[in-house]
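What you are looking at is a predicted structure, and each value in this text was computed from that prediction instead of being measured. Residue numbers start from 1 in every chain, and the chains themselves are labelled A, B, ... in the order their sequence lines are given, proteins ahead of strands. Both backbone and side-chain heavy atoms feed into the values below; hydrogens, waters and symmetry mates do not.
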2 protein chains.
Amino acid sequence: MDEAAGPVAGPAETGAGQRRRGQTVTIRDVARAAGVSPATVSRVMNNRETVAPDLARRVQQTAASLGYRPSAVAQGLARGRTGLVAITVPDLGNPMFQSVLRGLSRAAGRDGYRLLVTDSHELPLEELVLAQESRLRADGLVLCSPRSHDRELAELAHTIEPFVLVNRNVEGVDAPTVAVDYASGVRAVCAHLGWLGHSRVAYLEGPRASVPNRERRETLEAAAEGRFALHVVECGSMLEDGFEAADRALATGATAIVGYNDLVALGAQGKLDEIGVRVPDQVSVVGFDDIPLSRYTAPRLTTVAVPQEDLGREAWQRLGAMLRGEAPPADVCFTPRLEVRQSTGPALR
Amino acid sequence: MDEAAGPVAGPAETGAGQRRRGQTVTIRDVARAAGVSPATVSRVMNNRETVAPDLARRVQQTAASLGYRPSAVAQGLARGRTGLVAITVPDLGNPMFQSVLRGLSRAAGRDGYRLLVTDSHELPLEELVLAQESRLRADGLVLCSPRSHDRELAELAHTIEPFVLVNRNVEGVDAPTVAVDYASGVRAVCAHLGWLGHSRVAYLEGPRASVPNRERRETLEAAAEGRFALHVVECGSMLEDGFEAADRALATGATAIVGYNDLVALGAQGKLDEIGVRVPDQVSVVGFDDIPLSRYTAPRLTTVAVPQEDLGREAWQRLGAMLRGEAPPADVCFTPRLEVRQSTGPALR
DNA sequence: TTGTATGCGTTATCAT
DNA sequence: ATGATAACGCATACAA
């Protein structure tokens, strides 16, 4: 009904003449309409106290009626900050990283920052490119479990500053770091399996570029020494990888399978179920991370639990401080806790 | 070894005196150092062909040696486009949305666009605010399974344009839409359960604000008519919700449980396992989405499989077209496929 | 308290 | 082919 009210209701008569290319309605339009200067509009929009209350109200009303919304890009340029914080993860599909993300999102959100998320898909070469690129559009960066080499990371560190490292210490880089003492987790796993009498253990190895993987493998190897035979099986980081590595793990004669992470462990468990191998009666399975699902599978997964959201929160605590020009809190290293559930049991013989 | 090659290689001698507040090195620094105008540097950086080859090389070298990197924000302002596409999802923790994300990320990435991801945490009120905000920093928006009311969405539609809707049709909004015909999926489920002889079915209901939930419930109710008794059980969208709703579902005397999504179904399955109810011998379980994990649980989950990555890809196909000023392809509606696995079986009696 | 003028870093238009 | 110069939209130091 209201549609064709006026006969010649073209926008020509309404306000300004021709439309610009960029923003539909700018701060100047509001200023003009309200009969004030752009500066005043800016002040009103940013709640500067130095504006007469009634004027402020008038400006707000005209702004609202015009549907004015400040350009985030222009603000970013003028202020020298975007209000964005970038985070790069190896695999968004991994619930572990999601939890870190959530922790970061919550913490940063409280300070008015939004997240720019990028997924490097476990590709070490793309990782730093992505990180640099996203850092360019954000005020800071959280590098989560980077797969890149120490050397390259150190070389490019200055291009992504300020940033904080999660889940990895890098030689020659002094960025604030939030880490997990996986070695202690591995030792707890070994103690647990040893106590259950396991003498042959298979480790489903993660991505070669993953530092946590190397740490887990090496700690495992060291702990195995004189306690049990360790077989390292090539695998990966995803469900499918665990699923198809299970056979090979079994072929080693292992009575216990340690997955690189929960996804891999659950994938392996899926395969074991499919081929009729009972867990934990015939084979025990252990994972890392304690993703939410680990609590709901059958059998429920024994895993090394890391405080995932805390990692994100602590990361922001450091990055936020740097953005405020303050000195970031000291590095932190969480000690994981072995969550013993149903997927581990006594060795057969 | 190569470290301390030059004796006095301090940056003091090299270039300009004092640092500015914003960018460390700008296009003007490069221009000055190369003895050309900023315009030429810009042309070189953007691979404009109209620059003499040797000059271009020289500029590239000075740019590289100065470590110059164009400001994405300034480019955004000048070009009128950010190269960012925003996506808002109800729950990043849901693998279903991750898959959509991946599909979108891949497709948009091929066109040089990056993703700005925001999670509304299933809060209808925050959703549109977040969407507006992120849209402000991006060139377009993908609204994934929005929980907001039709009316509000229609009212604010103009503030988030251009955008495309995934997994939801909205009355009064003519944005391109990529959807799934869940009703047909529900009917397939009913046929399947009916054929198995189930006469009492419990539906674990998702978030009240979820339109897909309403659609599933209503289609279920319609299909139940004269075929089986349907009990709707309040639940939610996450693992925990399914876990704690399982008891109530069981209390209805149902021999089959249909979860709002796979997460809920798996959560329920976890509870059933814990209390010793065998699936599918005693109770059948069905989910929606077909998240990767559904293939690996014990028992493997029967579920309504939707082409998750395709949703993201198709969304970009439409948004990308709009950004290029073209007309987006016609709306698309995928027909899901019932993936019968192990969690469903004949009814007891 | 409000307005003017300039800067933010780049792109693009117009000369040359 | 290259160089001034004006947008782009907003914030802010300074002036009034």
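- The pair Arg313(B)-Asp310(B) counts as a salt bridge, with a side-chain nitrogen and a carboxylate oxygen less than 4.0 angstrom apart.
- As a whole-Å value, the separation of Arg48(B) CZ from dT10(C) C1' is 12 Å.
- At distances below 3.5 Å, at least one donor-acceptor pair connects side-chain atoms of Arg135(A) with backbone N or O atoms of Ala138(A).
- Mapping Leu77(B) and Val36(B) onto DNA chain D by nearest heavy atom places Val36(B) at the nucleotide closer to the 5' end.
- Remark: Gln75(A) is in phosphate contact with dA11(D), judged by side-chain N or O atoms under 4.0 Å from OP1 or OP2.
- A donor N or O paired with an acceptor N or O is found under 3.5 Å between the base of dG3(C) and the side-chain atoms of Arg43(A).
- Summarising the geometry, the separation between CD1 on Ile27(A) and C1' on dT12(D) is reported as 11 Å, rounded to the nearest angstrom.
- Taking 4.0 Å as the cut-off between side-chain N and carboxylate O, Arg32(B) and Asp29(B) count as a salt-bridged pair.
- Across the interface with DNA chain C, nearest-nucleotide mapping of Tyr68(B) and Ala52(A) shows Ala52(A) to be the residue nearer the 5′ end.
- Taking the side chain of Ala39(B) as heavy atoms from C-beta on, and the options dT2(C), dG3(D), dG9(D), the nearest nucleotide is dG3(D).
- When the side-chain nitrogen and oxygen atoms of Thr50(B) are compared with OP1 and OP2 of dA1(D), none of them lie within a distance under 4.0 Å.
- Whole-Å rounding puts the Arg137(B) CZ to dG9(D) P distance at 17 Å.
- Using a 4.0 Å cut-off between charged nitrogen and carboxylate oxygen, Arg102(A) and Glu309(A) count as a salt-bridge pair.
- For Ser42(B) and dT11(C), the shortest distance from a side-chain N or O to OP1 or OP2 is below 4.0 Å.
- In the set dG7(C), dG9(C), dT4(C), dG9(C) carries the atom at the smallest distance from any side-chain atom of Ala74(B).
- Between the side chains of Ser120(B) and Glu126(B), no donor-acceptor pair is found at a separation under 3.5 Å.
- Rounded to whole Å, atom P of dG9(D) lies 16 Å from atom CZ of Arg79(B).
- Taking atom CZ of residue Arg81(A) and atom P of nucleotide dG7(C), one finds them 23 Å apart after rounding to whole Å.
- If you take CZ of Arg32(A) and P of dG9(D), they are 12 Å apart, rounded to a whole angstrom.
- Rounded to whole angstrom, the span from the CE atom of Met45(A) across to the P atom of dG9(D) amounts to 15 Å.
- Contact between the side-chain N/O atoms of Ser37(B) and the OP1/OP2 oxygens of dA4(D) is not found at any separation under 4.0 Å.
- The nearest whole Å value for the distance from the CG atom in Asn46(A) to the P atom in dG9(D) is 17 Å.
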